[in-house]
Participant: 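Got a structure for you, written out below as structure tokens; questions coming shortly.
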Amino acid sequence: MRDLEASGELEGLSKKEAKKKASALIGPWAQELAEQIAASVGATGRFARVEAVNGYVNISYNANAVAARLIGEVLDADDRYGLAPADSRAERIMIEHSQLNTHKAAHVGHLRNICLGVAVTNIIRGAGYPTIAATYIGDIGRHVIMCLWCYRQFHQGEEPAGDASRGRWLGEIYAESAARLAFRKDALAFLHTVSKEDPVFVEAIDKMLKYLWRTNTVDGEDIAYLLGRVTHQQEIDVSELRDENVIVTFWPIIGDQLRDEVENAQPAVPEPPADGEEAPAPPSMTPEERLAEWERLNARMADWWPRVPRWEQEVKETFQLWEQKDPAFVTLWETTRGWSLADLRRIFDEFGATFDVWFSESEVEDEGRQIVRELLEQGIAEISDGLPVVKIDEKLGLEQETYRTMPILRSDGTTLYATKDLALTQKKFVEYHADRAIWVVDVRQSLYFDQISKVLELYGFAQAAKNLHLGYEFVALPEGAISSRKGNAPMLEDVRDAILTRAREVIEEKNPELSEATRKEVAWQVGIGALKYAMLARDSNKVIVFDPEEALSFDGHAAPYIQYAHARACRILENAGITDAKFEKALSALDFGETAAEELSLLQSVAALPEVVQRAAAEYRPLHVTNYVYELAKTFNDFYHACPVLKAAEPVRTARLALVAATRTTLRNGLALLGIEAPEVM
RNA sequence: GCGCCUGUAGCUCAGCGGAUAGAGCGCUUGCCUCCGGAGCAAGAGGUCGCGUGUUCGAGUCACGCCAGGCGUACCA
């Protein structure tokens, strides 16, 4: 580069251009040098091939010797190929994932957690670490209390008979309780949105309210307040109203106006924003959607609105029943908990999640309170604004806000998630002797887990410094984020059913001669496999946009592509009437003749699995395995099309068969790490 | 304010400091007398958000911007 500068070749060029020019000038020179090296290395005759390409020297080994050793190793290790010897590492790792709730339905978001947790556990275990797989069931907390309040108040004794459907039914009760309790908030949020986004509405409401005020049907001050809020596009605070139920009177007026807007729809012509003004955000709802949402709320308005405060009170009272361990209530909790647990066991079973330990929130409440007491006694925690907190930054002497302050118990003495997690993590260290605790939990809780770890460090657990929060981003839908308020989250069981149905259709179309039993099994393997792969083939810090359409497609970069390659390999071996044992004596004399590029690529790909497993474990990233297994399938397909196996002449035929057998094993093992099955036919 | 994450082809995403930045979907066109076409081959499609550095070499590392998302004391 300096010589070039001195030569004046680069004069008058920008730095970037100069670099480009320089590399263009250096390129041919580097290639010439590479050719000289290749010639002298090639002359030694120790390598199969030596080439100079773009200034690089590529050296190919003698394939037969390397291939025989590799294939022998794969077939010998069989389902352990790619894995390190069990427990060959010292560090004992506890992985907590699939923290599902009882009394609440699981949705696609939870699926990502299950898939990631299962895969990470397999991979870490496969890399040789002793592991403990744990789940932590949310069997108590506000959601449970809400569900049971709603059950006792509105649905006692209505539960369907039979274990299978009770858990799901309970989930629906929870959803109803959430809708009831959030009713006022939802209605007001809707009104706020409309007043923000619809100037026509604001103007019309202004007139109507003035009319209402003149007719004296409702309190004038409340009218004035509502008017002010709507016209200024501000949120309504119920506590500012003299009569809270004025909203019920007000609601039909809103509907009249929204209906009018739909019926006399004017094509909306957005005004070009004046200079210096920002263009207004497009409305979140069409007039028809607004009306539909109004009607949904209207159907409940007269009944629900006045009762919400009473319900909130009832929920608090229900919480007290739990805190006081009211015998009848505890019995109800145990019974309903059992319904949900039956569901959870089935879900775990279907998605291949097995656990060495089941933790539940209810079992660590008391220990949590104990830790809070000790933290207070030791001066690590203090009472601030009436509740125990740990001012972590202050305790660590940090100038900059980093871990902030963590509340560790509610002011009314009930436990927080943090109360329980402190106890649970201590348990992992003390009772299970974990050297490292990993949480697979969504990324929004990363500060929270840092806080838990730091508090435990302050409390005296040095291991906590090695804790790891394996965060992952959310699953969103094509139309936007999953919102529990909107209730638009596809339920786990519905997603599963949809993909199984689709898998059935595809199998019946592609391979109708399979027996009914096989079709059923393969539909399961392919459908669930596709679902899992979709959850794992994206890096954890990326939002997965779950498009049901796309998830139901089994083409391209997806599990069925890989499974198909595996089925092809199986079929070749089957047609050849070959079993692994038959290769034993052939291996020493493996002869590919003149190895094709596709054979070399495939050998190289097969050889890479052990390294991939180690890397995926070190980085806690199943993505490396998904990428690998896809590449392997692709490389195998290249080989499949370029190199006939059964029709090849000996000794090449045997050599290629051995390579196919090794590939099949490697594909199967790679998929197994992801928790995906490899069907022999599909 | 502070912190974390994201920005690569029309879309969804890969990319272990190294060669001409790769897949899938979608689009165009070929390939079943040949081990299963859930496949293969070819084509079109890129200022790797912007800038400045470090380096023989930067999509990758550092710093600074811009844009979006998330978190930030009694939710889980």
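Nothing here was measured: the structure is a model prediction, and the numbers come from that model. FYI, side chains are in, hydrogens and waters are out, and symmetry mates aren't considered; it's all heavy atoms of this structure.
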Participant: Counting side-chain heavy atoms from CB outward, which of B/C40, B/A73, B/A38 is closest to A/P407?
Facilitator: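 Looking only at side-chain atoms, A/P407 lies closest to B/A73.
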Participant: Please measure how far the C1' atom in B/C32 lies from the corresponding atom in B/A41, and state the result in whole Å.
Facilitator: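 It comes out at 14 Å once rounded to the nearest Å.
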Participant: When all nucleic acid strands are considered with a 4.0 Å heavy-atom cut-off, which category describes A/L416: base, sugar-phosphate, or nothing?
Facilitator: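 Sugar-phosphate, no base atom in range.
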Participant: Under 4.0 angstrom, heavy atoms only, what part of the nucleic acid is A/V543 near: base, sugar-phosphate, or nothing?
Facilitator: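 Here A/V543 touches the backbone only, sparing every base.
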Participant: Taking NZ, NE, NH1 and NH2 as the nitrogens, is one of them in A/E505 or A/R502 under 4.0 Å from a carboxylate oxygen of the other?
Facilitator: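 Salt bridge: yes.
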Participant: Just call it for A/F474: base, sugar-phosphate, or nothing, with non-hydrogen atoms closer than 4.0 Å on any strand.
Facilitator: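 The answer is nothing, as A/F474 stays clear of every strand by at least 4.0 Å.
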Participant: Provide, to the nearest angstrom, the distance between the CG atom belonging to A/L447 and the P atom belonging to B/G3.
Facilitator: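 My rounded result for the distance is 13 Å.
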Participant: Has the side chain of A/N113 got a donor or acceptor atom that lies under 3.5 Å from a matching backbone atom of A/V440?
Facilitator: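 Yes.
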Participant: Tell me which of A/V645 and A/K634 sits closer to the 5' end of RNA chain B, going by the nucleotide each one is nearest to.
Facilitator: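 On the 5' side of the pair lies A/K634.
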Participant: Mind calculating the distance between CZ (A/F636) and P (B/G39) to the nearest angstrom?
Facilitator: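 For the pair A/F636 CZ and B/G39 P, the rounded distance is 14 Å.
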Participant: Look at all strands and tell whether A/T402 reaches a base, only sugar-phosphate, or nothing, counting heavy atoms closer than 4.0 Å.
Facilitator: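 A/T402: no heavy atom of the nucleic acid under 4.0 Å.
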Participant: Would you classify A/R571 as touching base, sugar-phosphate or nothing, given that sugar-phosphate means primed atoms plus P, OP1 and OP2, and contacts are heavy atoms under 4.0 Å?
Facilitator: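 Here A/R571 touches the bases of the nucleic acid.
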Participant: Check this for me, if you would: do A/R615 and A/E611 make a salt bridge, where the nitrogen-to-carboxylate-oxygen distance has to be below 4.0 angstrom?
Facilitator: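 No.
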Participant: Roughly how far apart, to the nearest Å, are B/C4 and B/G22 at atom P?
Facilitator: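 Roughly 33 Å separates the two P atoms.
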Participant: Does a distance-only test, which skips hydrogens and angles, find a donor-acceptor pair under 3.5 Å between the side chain of A/S411 and the base of B/C74?
Facilitator: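 Per atom types, the contact qualifies.
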Participant: Could you tell me the separation between the CE atom of A/M406 and the C1' atom of B/C75, rounded to a whole number of Å?
Facilitator: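 Going from CE in A/M406 over to C1' in B/C75 covers 14 Å.
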Participant: Suppose we call a contact any N or O donor and acceptor under 3.5 Å apart; does that hold for the side chain of A/Q445 and the base of B/G71?
Facilitator: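 Side chain to base: no pair below 3.5 Å.
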Participant: How about A/F636 and A/H566: are their ring centres within less than 6.0 Å of each other?
Facilitator: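 No: the rings miss the under 6.0 Å criterion.
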Participant: Rounded to whole angstroms, how far apart are CD on A/E513 and P on B/G36?
Facilitator: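 Those two atoms, CD and P, are 11 Å apart.
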Participant: Hey, does A/Y564 reach any base, or is it just sugar-phosphate, or nothing, if we go heavy atoms under 4.0 Å?
Facilitator: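 Contact class for A/Y564: base.
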Participant: Using the P atom as the point on both nucleotides, what is the distance between B/G49 and B/G7, in whole Å?
Facilitator: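 Taking atom P in both B/G7 and B/G49, they lie 8 Å apart.
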Participant: Any side-chain N or O of A/N541 under 4.0 Å from OP1/OP2 of B/U6?
Facilitator: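 Indeed, a polar side-chain atom of A/N541 lies that close.
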Participant: With a 4.0 Å cut-off on heavy atoms, is A/I507 in touch with a base, just the backbone sugar-phosphate, or nothing at all?
Facilitator: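 Counting heavy atoms under 4.0 Å across all strands, the contact made by A/I507 includes a base.
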Participant: Within the pair A/K542 and B/G7, is there a side-chain N or O less than 4.0 Å away from OP1 or OP2?
Facilitator: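 Yes, because at least one side-chain N or O of A/K542 sits under 4.0 Å from OP1 or OP2 of B/G7.
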Participant: Under 4.0 angstrom, heavy atoms only, what part of the nucleic acid is A/R444 near: base, sugar-phosphate, or nothing?
Facilitator: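 If one applies the 4.0 Å heavy-atom cut-off, A/R444 turns out to touch the sugar-phosphate alone, with no base involved.
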Participant: Applying a 4.0 Å non-hydrogen cut-off, can you work out what A/N101 is touching in the nucleic acid: base, sugar-phosphate, or nothing?
Facilitator: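 Nothing: the residue A/N101, judged by heavy atoms under 4.0 Å, touches no strand.
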Participant: Taking atom C1' of B/C74 as reference, at what distance in whole Å does atom NZ of A/K391 sit?
Facilitator: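 Going from NZ in A/K391 over to C1' in B/C74 covers 14 Å.
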Participant: Under 4.0 Å between a side-chain N or O of A/Y640 and OP1 or OP2 of B/G37?
Facilitator: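 For A/Y640, the contact criterion (side-chain N or O under 4.0 Å from OP1 or OP2 of B/G37) is met.
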Participant: Can you check the distance between B/U60 and B/G18, where both ends of the measurement are the P atom (answer in whole Å)?
Facilitator: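 Between the two P atoms, the distance is 11 Å.
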Participant: How far, in whole Å, is B/G37 from B/C31 if one measures between their C1' atoms?
Facilitator: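 Roughly 9 Å separates the two C1' atoms.
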Participant: For A/E399, report the nucleic acid contact type (base, sugar-phosphate, nothing); a contact means any heavy atom under 4.0 Å.
Facilitator: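 Nothing: the residue A/E399, judged by heavy atoms under 4.0 Å, touches no strand.
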Participant: Flag the pair A/T135 / A/L100 as yes when at least one side-chain heavy-atom distance between them is below 4.5 Å, and no otherwise.
Facilitator: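 A/T135 does not reach A/L100 side chain to side chain.
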Participant: Sticking with atom P, work out how far B/A62 lies from B/G30, rounded to a whole angstrom.
Facilitator: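 Their P atoms lie roughly 49 Å apart.
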Participant: How is A/V506 classified with respect to the nucleic acid when contacts are heavy atoms under 4.0 Å: base, sugar-phosphate, or nothing?
Facilitator: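 Base contact.
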Participant: Hydrogens and angles aside, do A/D421 and A/Y448 bring a side-chain donor and acceptor to less than 3.5 Å of each other?
Facilitator: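 Side-chain D/A pair, A/D421 to A/Y448: present.
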Participant: Give A/C643 one of three labels, base, sugar-phosphate or nothing, depending on what nucleic acid heavy atoms sit under 4.0 Å from its own.
Facilitator: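 Base contact.
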Participant: Measuring to OP1 and OP2 of B/A76, would you say a side-chain N or O of A/R410 lies under 4.0 angstrom away?
Facilitator: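 For A/R410, the contact criterion (side-chain N or O under 4.0 Å from OP1 or OP2 of B/A76) is met.
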Participant: When you compare B/C66 with B/A73, how far apart are their C1' atoms, in angstrom units rounded to a whole number?
Facilitator: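 Each nucleotide's C1' atom is 33 Å from the other's.
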Participant: What contact category does A/D539 fall into here, base, sugar-phosphate, or nothing, at under 4.0 angstrom with non-hydrogen atoms?
Facilitator: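 Sugar-phosphate only.
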Participant: Say we look at B/G59 and B/U8: how far apart would their C1' atoms be, to the nearest angstrom?
Facilitator: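 Approximately 7 Å lies between the C1' atom of B/G59 and that of B/U8.
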Participant: With the 90 degree cut-off around zero defining syn, does B/C31 come out syn or anti?
Facilitator: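 Base orientation relative to the sugar is anti.
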Participant: Pick out which of A/E365, A/E323, A/R410, A/R369 makes a side-chain hydrogen bond (donor to acceptor under 3.5 Å, both in side chains) with A/T415.
Facilitator: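 For A/T415, the side-chain hydrogen bond (donor to acceptor under 3.5 Å, both in side chains) test succeeds with only one of A/E365, A/E323, A/R410, A/R369, which is A/E365.
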Participant: I want to check something: taking the side chain as every heavy atom from C-beta on, are A/P622 and A/L116 in contact at a cut-off of under 4.5 Å?
Facilitator: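 Side chain of A/P622 against side chain of A/L116, heavy atoms only: contact under 4.5 Å found.
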Participant: OP1 or OP2 of B/A76 sitting under 4.0 Å from any side-chain N/O of A/Y174?
Facilitator: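 The answer is no; no side-chain N or O of A/Y174 sits under 4.0 Å from OP1 or OP2.
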Participant: A/D638 has an atom CG; how far is it from atom P of B/A41, in whole Å?
Facilitator: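 It is 5 Å, rounded to the nearest whole Å.
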Participant: Mind checking A/R621 for me? I need base, sugar-phosphate or nothing, with any heavy atom below 4.0 Å counting as a touch.
Facilitator: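 Since only primed, P, OP1 and OP2 atoms lie under 4.0 Å of A/R621, the category is sugar-phosphate.
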